[in-house]
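The structure under discussion appears below in the form of structure tokens.
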Amino acid sequence: QLQLVESGGGLVQPGESLRLSCAASRFTLDYYAIGWFRQAPGTEREGISCISSSGGVTNYADSVKGRFTIARDNAKNTVYLQMNNLKPEDTAVYYCAAEIVCPPDWYSDSGGAYFGSWGQGTQVTVSS
């Protein structure tokens with residue numbers, strides 16, 4: 001199993017921004033698609049974005065489209081999730097996950113189950 005570590009979470013006010021990082025250790029991310037997921041208490045896991053191994057294909061859930069941007073820097077072995085104009089409903093634990101490709105249903109709970117390697121999560125809280 002690949003080791004992934006998320007960072008960058010925190011407490012922000014509505015309208016502010018955060019950038020999450022997903023870093024890999026002891027392996028290269030170059031060959032893997034990376035998905036970002038989130039889960040709030042009492043809710044199902046939600047896929048919010050997925051980026052192909054090359055970075056050439058990016059996907060976003062409707063709930064974050066236009067506000068979040070996924071990007072990868074393979075030289076730094078890191079994938080980022082830039083989150084702008086954060087809203088209270090974005091509050092959740094955010095996870096990154098790796099697999100060979102972004103599956104067609106990457107955004108769903110079943111699509112998330114396709115990903116074989118997960119990080120431990122980072123908490124994002126949006127509150128005034």
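Along the sequence shown, residues carry numbers from 1.
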Do you reckon Val5 sits in the same ILVMFWY cluster as Leu2, going by side-chain contacts under 4.5 Å, direct or chained? no
Kindly write out the residues that satisfy side chain to side chain donor-acceptor pair (under 3.5 Å) with Ser128, not counting sequence neighbours, or none if the list is empty. none
Ring pair (Phe, Tyr, Trp, His ring centres under 6.0 Å) contacts in which one or both residues fall within residues 86-106, not counting sequence neighbours: none
I need the Leu4 CG to Cys22 SG distance, nearest 0.5 Å. 4.5 Å
Does Arg45 have any salt bridge (charged side-chain N to carboxylate O under 4.0 Å, His left out) partners at least two apart in sequence or in another chain, and if so, which? Asp109
Using the test salt bridge (charged side-chain N to carboxylate O under 4.0 Å, His left out), find all partners of Glu46 that sit at least two apart in sequence or belong to another chain. Arg38
Who pairs with Asn74 by side chain to side chain donor-acceptor pair (under 3.5 Å), at least two apart in sequence or on another chain? Arg72
Neighbour count >12 (heavy atoms, 6.0 Å) for atom CD, Glu44: no
Value rounded to 0.5 Å, distance of SG in Cys96 from CD1 in Ile70: 9.0 Å
What pairs meet the ring pair (Phe, Tyr, Trp, His ring centres under 6.0 Å) rule with one or both residues in residues 15-69, with sequence neighbours excluded? Phe27-Tyr32, Phe37-Phe115, Phe37-Trp118
Just how far is it from atom OG of Ser49 to atom CE of Met83, taken to the nearest 0.5 Å? 11.5 Å
All side-chain contact (heavy atoms from CB on, under 4.5 Å) counterparts of Thr78, not counting sequence neighbours: Ser21, Ala23, Lys76, Tyr80
With sequence neighbours left out, the residues meeting side chain to side chain donor-acceptor pair (under 3.5 Å) with Gln123 are Thr125
CD of Glu89 to OG1 of Thr43: how many Å apart, nearest 0.5 Å? 12.5 Å
Rounded to the nearest 0.5 Å, the CG atom of Leu86 sits from the OG atom of Ser127 at a distance of 12.0 Å
With sequence neighbours left out, what residues match Ser110 under side-chain contact (heavy atoms from CB on, under 4.5 Å)? Asp105, Ser108
Candidate pair Asp62 and Lys65, rule salt bridge (Lys or Arg N to Asp or Glu O under 4.0 Å), full reasoning: CA-CA 5 Å; Asp62 288 344; Lys65 200 172 292 183; 3.2 Å; yes
Once side-chain contact (heavy atoms from CB on, under 4.5 Å) is applied, do any residues pair with Val57, and if so which ones, sequence neighbours excluded? Ser52, Asn59
Which atom pairs, donor and acceptor, lie under 3.5 Å between side-chain atoms of residues 11-19 and protein residues at least two apart or in another chain?
from, atom 1, to, atom 2, distance (Å)
Glu16, OE1, Gln13, N, 3.0
Ser17, OG, Asn84, OD1, 2.9

Give a yes or no answer on whether the side chain of Glu99 reaches the backbone of Ala33 with a donor-acceptor pair at less than 3.5 Å. no
Can any side-chain N or O of Glu6 pair as donor or acceptor with the backbone N or O of Thr122 at less than 3.5 Å? no
Do Leu81 and Val64 come within less than 4.5 Å of each other through their side chains, counting heavy atoms only? no
Does Val124 form a side-chain contact (heavy atoms from CB on, under 4.5 Å) with Leu20? I'd like the steps, not just the answer. CA-CA 9 Å; Val124 172; Leu20 304 184; 4.0 Å; yes
Working to the nearest 0.5 angstrom, can you tell me the gap between Asp90 CG and Ser63 OG? 7.5 Å
Nearest heavy-atom neighbours spanning Val79 and Ile51: CG1-CG2, 4.2 Å
Atom of Leu29, atom of Ile34 and distance for their closest heavy-atom approach: CD2-CD1, 3.6 Å
Identify the heavy atoms of Pro103 and Gly111 that sit nearest to each other, and give their distance. CG-O, 3.8 Å
Please find the pair of heavy atoms, one from Gly47 and one from Ala61, that lie closest to each other, and give the distance. O-CB, 3.5 Å
Please name all residues satisfying side chain to side chain donor-acceptor pair (under 3.5 Å) with Ser7, sequence neighbours left out, ordered by chain then number. none
